[in-house]
Amino acid sequence: MLQDLNLSSTVLKHASALKNFILPGGSPVAARLHFARTVCRRAERVCVRLSKNENIGEAAIVFLNRLSDLLFVLARYAM
């Protein structure tokens with residue numbers, strides 16, 4: 001499952017080099033992907049807090065982190 005998120009490296013090859021700070025937006029699709037990324041990052045933070053009190057394993061946190069990376073790359077590509 002986590003290997004499938006390596007799609008970000010494939011998409012990143014088609015995106016231009018990152019030279020400036022990225023502001024959310026650019027196009028409607030990019031804006032939605034940036035919004036999805038913020039939701040994903042929020043879920044990751046919740047999982048990290050939960051993991052301090054409960055044994056939830058590491059897979060959920062790693063998955064959410066990689067998913068947010070993928071959403072960032074897709075948003076750059078959609079601009």
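S51 pairs by the side-chain contact (heavy atoms from CB on, under 4.5 Å) definition with I56, I61, not counting sequence neighbours. Take V46 and apply the side-chain contact (heavy atoms from CB on, under 4.5 Å) test, not counting sequence neighbours, and it matches R49.
One finds the CZ atom of R45 at 15.0 Å from the CG atom of L50 (value rounded to the nearest 0.5 Å). Rounded to the nearest 0.5 angstrom, L70 CG and F63 CZ are separated by 9.0 Å.
Linking Ile, Leu, Val, Met, Phe, Trp and Tyr residues whenever their side-chain heavy atoms come within less than 4.5 Å places L74 and V29 in a single cluster. The hydrophobic clustering, which links ILVMFWY residues whose side-chain heavy atoms are closer than 4.5 Å, places L67 and V39 apart.
Pairs passing the side chain to side chain donor-acceptor pair (under 3.5 Å) check and including a residue from residues 52-65, sequence neighbours excluded, read E44-N65.
The minimum heavy-atom distance linking C47 with L64 is given by the pair SG-CD1, 3.7 Å. Scanning both residues, A30 and A75, for their nearest heavy atoms gives CB-O, 3.6 Å.
Under a 3.5 Å cut-off, the side chain of S68 and the backbone N or O of C40 do not form any donor-acceptor pair.
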